[in-house]
Amino acid sequence: MNPAREPSDQELRDLYRAMLRIRLIEEEIAARYAEQEMRCPVHLSVGQEAAAVGACAALRPADQITSSHRCHGHYLAKGGDLRAMLAEIYGKAAGCCGGRGGSMHLFDPDAGVLASVPIVASSVPLAVGAALAFQQRAEDGVAVAFLGDGSLEEGVTHESLNFASRFHLPVVFFVENNFFSVYTPLDQRQPARPLAALAAAHGMPALEADGNDVLAVLKATKEAVADARAGAGPTLIVAETYRWREHCGPNYDNDLGYRTEDEFLAWKARDPVAAFAARLSELGAMTDTDSDAMAGAIGAEIDAAFGFAKAAPFPDGATAAERVYA
Amino acid sequence: MNPAREPSDQELRDLYRAMLRIRLIEEEIAARYAEQEMRCPVHLSVGQEAAAVGACAALRPADQITSSHRCHGHYLAKGGDLRAMLAEIYGKAAGCCGGRGGSMHLFDPDAGVLASVPIVASSVPLAVGAALAFQQRAEDGVAVAFLGDGSLEEGVTHESLNFASRFHLPVVFFVENNFFSVYTPLDQRQPARPLAALAAAHGMPALEADGNDVLAVLKATKEAVADARAGAGPTLIVAETYRWREHCGPNYDNDLGYRTEDEFLAWKARDPVAAFAARLSELGAMTDTDSDAMAGAIGAEIDAAFGFAKAAPFPDGATAAERVYA
Amino acid sequence: MREPRVLTAAEAILEAQDQALAADPAVFLMGEGAADPKGIFGTTAGLVDKYGPARVMEMPVSENGFTGIAVGAALMGRRPVVIHQRVEFCLLAMEQLFGNAAKAHYVSDGRHRAPLVVRLVAGRGWGQGPQHGQVLENLFALVPGLKLVLPAGPADAKGMLLAAIADDNPVIFLEHRWVHYVSGEVPEAPLPAPLDGPRRILAGGDVTVVAASYMTLETRHAAAALAAEGVAVDLFDLRVARPLVTDAIQESVRRTGRLLVVDTGWKTFGLGAEIVARVTESCFADMAAPPRRVGLPDHPTPSSRALAEAYYPRAEHVAGAIGALVGLPDARVAAVHATLAAERRQVPLDIPHPSFKGPF
Amino acid sequence: MREPRVLTAAEAILEAQDQALAADPAVFLMGEGAADPKGIFGTTAGLVDKYGPARVMEMPVSENGFTGIAVGAALMGRRPVVIHQRVEFCLLAMEQLFGNAAKAHYVSDGRHRAPLVVRLVAGRGWGQGPQHGQVLENLFALVPGLKLVLPAGPADAKGMLLAAIADDNPVIFLEHRWVHYVSGEVPEAPLPAPLDGPRRILAGGDVTVVAASYMTLETRHAAAALAAEGVAVDLFDLRVARPLVTDAIQESVRRTGRLLVVDTGWKTFGLGAEIVARVTESCFADMAAPPRRVGLPDHPTPSSRALAEAYYPRAEHVAGAIGALVGLPDARVAAVHATLAAERRQVPLDIPHPSFKGPF
Ligand SMILES: Cc1ncc(C[n+]2csc(CCOP(=O)(O)OP(=O)(O)O)c2C)c(N)n1
Ligand SMILES: Cc1ncc(C[n+]2csc(CCOP(=O)(O)OP(=O)(O)O)c2C)c(N)n1
Ligand SMILES: [Mg+2]
Ligand SMILES: [Mg+2]
């Protein structure tokens, strides 16, 4: 997308479509998880779709992203292959990792999903390394590290910010602040201060964007990406959003008492997908027919992809020891 | 020292004496190093005496400090035993570590020198842990972590700042910014921004003090320590100062070309010891007779301590395997 | 007659911490999740309500930092218990553990003590994969100054944890996730179980087998099946990998002439290597057959259950190794193998216990 | 006739990097001190002037961060050489190494490659002490997916570093500080030395000895002194500890019936344990005597030279172990010991070479 101008109606519908698609895919994973065939942890990003979609819409295919345990949305938003993702979660040979990684290791080299790593903040330096590679090759690629509020507590994040800033690297640190690390709220883990102060500490600009507003996210990321591409160095973006379902797994878990039902409902009322649908129809950019058609097409795609993943063969146990070394 | 009032003449002379003593001890180490009997690395703090002395003068004996590879000054300023320090550097059984640590591991449990650790920033969390112990025991002790500008690049420093701030711990992070990590200048390692921004990132106040002015350091530290003791949590103090001699070893090394002779001379002209002597004599707080007497007494103490350390027996090789477990 | 008091190892660990917190005000817990509603797989459940957030401390996601903070507090006489929900998270804290914790006592010539416990939970379950499924027991055994404790059941889980908390040294307490599910009799009193090394858990004269952590359970099954074939296993539960005490094992090998070591880590450079080397060096003349090891093959933990099945050795593989070692005829080894494999098939291979509902 | 071209290992390492930087624009160096005036003990001296600061990158003091950044760049096809002036600094980067570097190829089902070299310099010299004097070779050998290379002299230092840089896997290149001083003939051409395992450096039929890194040099002295007593050592320089290839060693032990392993780390859980275990498992029937190991005793590195002298085994200790293994009469062992000890006394025990002026 051209950073200079407003998105066209088609582009707006594409943003909506991308969010809806992630939502429906993850809801389908949740629905089918109880079948006990997806035998690996799943960290759903339902409620956080605007962040993934808005940020990735500012990127080119050759740009690289990195993600964490909660990587489905980022992987899909950046153009990762759905069938390879589901096959991976089902532990199949056709998975993006050949079944070796499971849902927390999603990557797609063709789409620019460099790596997802389930160790908190461990992929942040990888994104900086990708940016360094772009800089060394004098390419105008940009890397985006997706990280959670919890990742900000890891020393390696600070080391990565310092490095990126010192070497003016083309990288954007995109923080999805969903206010929790597992069941522990932010204020039990960090002192009260704006997260953007972390950017100042490392000599880089910060941008804040409503993480449930895909256009706000897109705008901020476009700005950061344009700077990065122009050689102006890194930016830290903070986007507040909310995870609807449990930290890991298909269910809701407000009954655990770590957050209030009111808080949950308030965020749910700000559903990034539904809100954007309403906005587009207000703007006249999308009709009910459009959105129904989209949902239908996505539904068919999802059914087919699940069908593929479930039918796909498991990897041969005899190959487990292969490809340890290149 | 009472935080509320100005230091008395006697206290001023004590500050001077403490700086002069560190200076003379380190100069003597430098002079004797070529004898090749102190067979361990030495990181001299000549030029940085005001930081160690000013900060430690704000502390009580039961308060705890931690230090790094460059620990002689901190150890001495906090009241560490000189003979045990020299014996340690000479590798003798009477050393504070029984000869096991060498110059980079100085500690003195009685004086409140909890630990010195030669891994950059590795002792920073130890100080936070000491502060946590004070808090848990409802004691009003304070811990001070001495750290260099290089330590600010280590992730563990950020993790420590976050933790201390989150739990309102009685700890002061005292940064001696001498502008170099070994031979690498600050601007090759960090982006341009005030170091104090790191405090804001972690939600704590910052204080800046002229690191070559013992009274400025004392004042800032008193303020931070008073806050900490009162339960107001941690403070980051940044004090700019300069290392005169080579990073490790007894010599000067400006010939290496990593810093200019002019820069060195400008800092040397701001000698914290000489400048404070001049100030005290201006104030009429110290006469030449006073300072000569001090130098004489310190000289005698140093001679005796070197005599002790050199004559002290080596540890018995057969004990090398002892005390691995308590 | 009194009913035996049966707990799972997870419950036993909870009880040990509860009793240690009650008994000694210097004890406190630090962990990501220590005070959350799930309480580290239930092993800290309820403790924050009982002892408050200052003693059951919820942590920021800063493993190196809070490990160092724990070491600092320990040097000041506190008794922190640091908890990681996965072994891998502790990889971020190696410098603090190998540097400060392990060496504080030595480098201070005995003046410092670092009475710290680090609880590590080794992930296994549904598709935990390469970075959530490692045990890395050999890693934590490498460095003098640390102790490494590997409980294989509830009684030791409680007793050794109490002993670890009372110990004046840094102790790594490595809990295999599948051991959490094991139940057995556990005394209510807070009795420490000495961290003094291997324990014989079966007596037999044909072969000496040393097993560690979860693999002790698989090995016990194997030994039971082999007993039916007349093979008598002298089985040791390793319990403590550092400091490593092998006297009883050596005494046993001198009698049986045969040694097998079974651990939960990679075979190459694993715990078994040291035990085999040490025993062979000292018992060579009495050995009737080459020593053997059962361990993981040389590759990362794959997530897919189709691959994990090929990765994890089970009772039948242990039985096969013992059979080969004692020269049991192939047909009888095959029979044992078949019995064990059939038993195991009653539960899917990637779950530890029928109560398990995944993914952890 | 051409003069042999003699370099120290430090010079050979410098030359390897120079040639790699010249040959491949994807190669770059990252290290604290890589571009400073001392250039990592001279091993990067002058390179920043030749290739500029973007290819010889001076690093902030952030080991975990820049290791991860190197891994990220490597995944993108760059060839970073990360350098740490002490092994211990790398303890901060274990998560990146064991997690991302070691597993990238495996977990991506072969699609990712992480062509990364990590140069670690093991400190020994004057009183480096507990946290600057460790080799930790066993630590870096633990994990499948990493390679661990241990050069023992200048030719291998150059050739194996070239091979490591050309390798598509993450390679730990562990340089013992005292190997840096060793000089020998080194070809000028950029010829990689294959990372294919141990090399026989002396042929003999009485005993098989496997030595690693710096201890290869001490062992060679020991073997020379023993040769005078008629003991013929089949001596292997280990070179590559992971992947560990022991075929040639096994073939040798089948002939000699005797095995000694000498490494630079702690004996307990050291490299020697795995080699002894593996060889014993496969060559038991051919072994005439129990295998042996020479390694460090189970405690941290003390700083004082009075304690360090008791800590570090030297040629005479190796000779003693070999003598005992082959049953050389005590008096002749004592003679060898005395000769070697007398030779060694000509240089103080805490310095590697007469040119050494401390403290590093
Ligand atoms: C180093 C490390 N420590 C702990 C964990 C356990 N863990 C998994 S997800 C998670 C929460 C991280 O929170 P955040 O970064 O905010 O991401 P979110 O789950 O909210 O998307 C934690 C602590 C981990 N995976 N890695
Ligand atoms: C983790 C780690 N990395 C690198 C080193 C090597 N090193 C020793 S001192 C030093 C400089 C640190 O600079 P600073 O913290 O500013 O302290 P200063 O020497 O200036 O007092 C470095 C990098 C180390 N000891 N530990
Ligand atoms: Mg979060
Ligand atoms: Mg400095």
Side-chain angles (χ1 to χ4, degrees), chain A residues 64 66 88 93 95-102 104-105 107-110 114-137 139 141 143 145 154-164 166-167 169 171 315 319-326, chain D residues 25-28 30 53-55 57-80 82 92-93 95-116 143-147 167-171 195 242-243:
Chain A
Q64 297 288 337
T66 62
E88 187 60 36
C96 58
C97 305
R100 291 163 171 227
M104 307 191 288
H105 287 273
F107 85 119
D108 189 328
D110 301 324
L114 183 66
S116 302
V117 180
I119 300 297
V120 170
S122 177
S123 60
V124 176
L126 300 184
V128 179
L132 178 62
F134 287 135
Q135 188 187 66
Q136 289 182 339
R137 290 198 293 241
E139 294 170 1
E154 288 287 5
V156 74
T157 299
H158 292 274
E159 297 182 5
S160 300
L161 290 166
N162 178 68
F163 190 104
R166 154 69 185 90
F167 290 101
L169 295 181
V171 55
T319 64
E322 292 172 4
R323 292 182 290 284
V324 177
Y325 293 99
Chain D
V27 173
F28 66 105
M30 309 171 86
R55 297 195 64 203
M57 294 181 76
E58 188 57 43
M59 285 291 107
V61 195
S62 309
E63 290 77 8
N64 199 26
F66 70 75
T67 301
I69 290 162
V71 175
L75 297 181
M76 297 282 289
R78 311 301 294 171
R79 297 196 164 270
V82 166
L92 289 159
E95 197 284 305
Q96 286 297 331
L97 281 183
F98 281 18
N100 292 334
K103 297 176 183 23
H105 187 67
Y106 186 85
V107 74
S108 69
D109 206 19
R111 265 168 277 182
H112 270 320
R113 275 153 205 252
L116 160 80
V143 172
L146 295 180
K147 295 190 176 181
D167 201 289
D168 272 347
N169 298 286
V171 180
L195 307 182
R242 182 173 281 268

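So you know, we letter chains A, B, ... as the sequences are listed, proteins then strands, and number each from 1.
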Quiz item: Hey, are A/N162 and D/S62 close enough side-chain-wise for a donor-acceptor pair under 3.5 Å?
Solution: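 No, no side-chain donor-acceptor contact under 3.5 Å.
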What part of [X] gets within 4.5 angstrom of chain A, counting heavy atoms only: side chain, backbone, both, or neither?
X      : answer
D/P80  : neither
D/A54  : backbone
D/D168 : both
D/K147 : both

Find out whether [X] and [Y] are in side-chain contact, i.e. whether some heavy atom of one side chain is under 4.5 Å from a heavy atom of the other.
X      : Y      : value
A/R137 : D/R78  : yes
D/D109 : A/E322 : no
A/E154 : D/E95  : no
D/Q96  : A/S122 : yes

Calculate, to the nearest 0.5 Å, the distance between atoms [atom1] and [atom2] belonging to [X] and [Y] respectively.
X      : Y      : atom1 : atom2 : result
D/L92  : A/E159 : CG    : CD    : 7.5 Å
A/C97  : D/K103 : SG    : NZ    : 14.0 Å
D/R111 : A/R323 : CZ    : CZ    : 9.5 Å

Quiz item: Within the side chain of A/R100, is there an N or O that forms a donor-acceptor pair under 3.5 Å with the backbone of D/Y106?
Solution: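 Yes: the side chain of A/R100 pairs with the backbone of D/Y106.
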Practice problem: Verify, without hydrogens or angle tests, whether A/Y325 (side chain) and D/L146 (backbone) share a donor-acceptor contact under 3.5 angstrom. | Solution: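 Between the backbone of D/L146 and the side chain of A/Y325 there is a qualifying donor-acceptor contact (under 3.5 Å).
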When only pairs under 4.5 Å are counted, which of [options] shares the most heavy-atom pairs with chain A?
options                      : value
D/A74, D/P115, D/P243        : D/P243
D/S108, D/G99, D/A114        : D/S108
D/I69, D/T67, D/V107, D/N100 : D/I69
D/P170, D/G145, D/A102       : D/G145

Relative to chain D, which segment of [X] carries a heavy atom at a distance below 4.5 Å: side chain, backbone, both, or neither?
X      : value
A/A145 : neither
A/L114 : both
A/V324 : both

Could you pull out the closest heavy-atom pair between [X] and [Y], with the gap in Å?
X      : Y      : result
D/E58  : A/F167 : O-CZ, 3.6 Å
A/A130 : D/M76  : CA-CG, 3.7 Å
D/G65  : A/P125 : O-CB, 3.6 Å

Quiz item: Who among A/A127, A/A93, A/P315, A/C96 has the most heavy-atom pairs with chain D under 4.5 Å?
Solution: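 Most heavy-atom pairs under 4.5 Å with chain D: A/C96.
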Quiz item: Would A/V128 and D/F66 satisfy side chain to side chain contact (heavy atoms under 4.5 Å, CB included), going step by step from the backbone distance to the final call?
Solution: CA-CA 9 Å; A/V128 179; D/F66 70 75; over 6 Å; no
Practice problem: Test D/M57 against A/Q136 for side chain to side chain contact (heavy atoms under 4.5 Å, CB included), laying out the working first. | Solution: CA-CA 12 Å; D/M57 294 181 76; A/Q136 289 182 339; 4.2 Å; yes
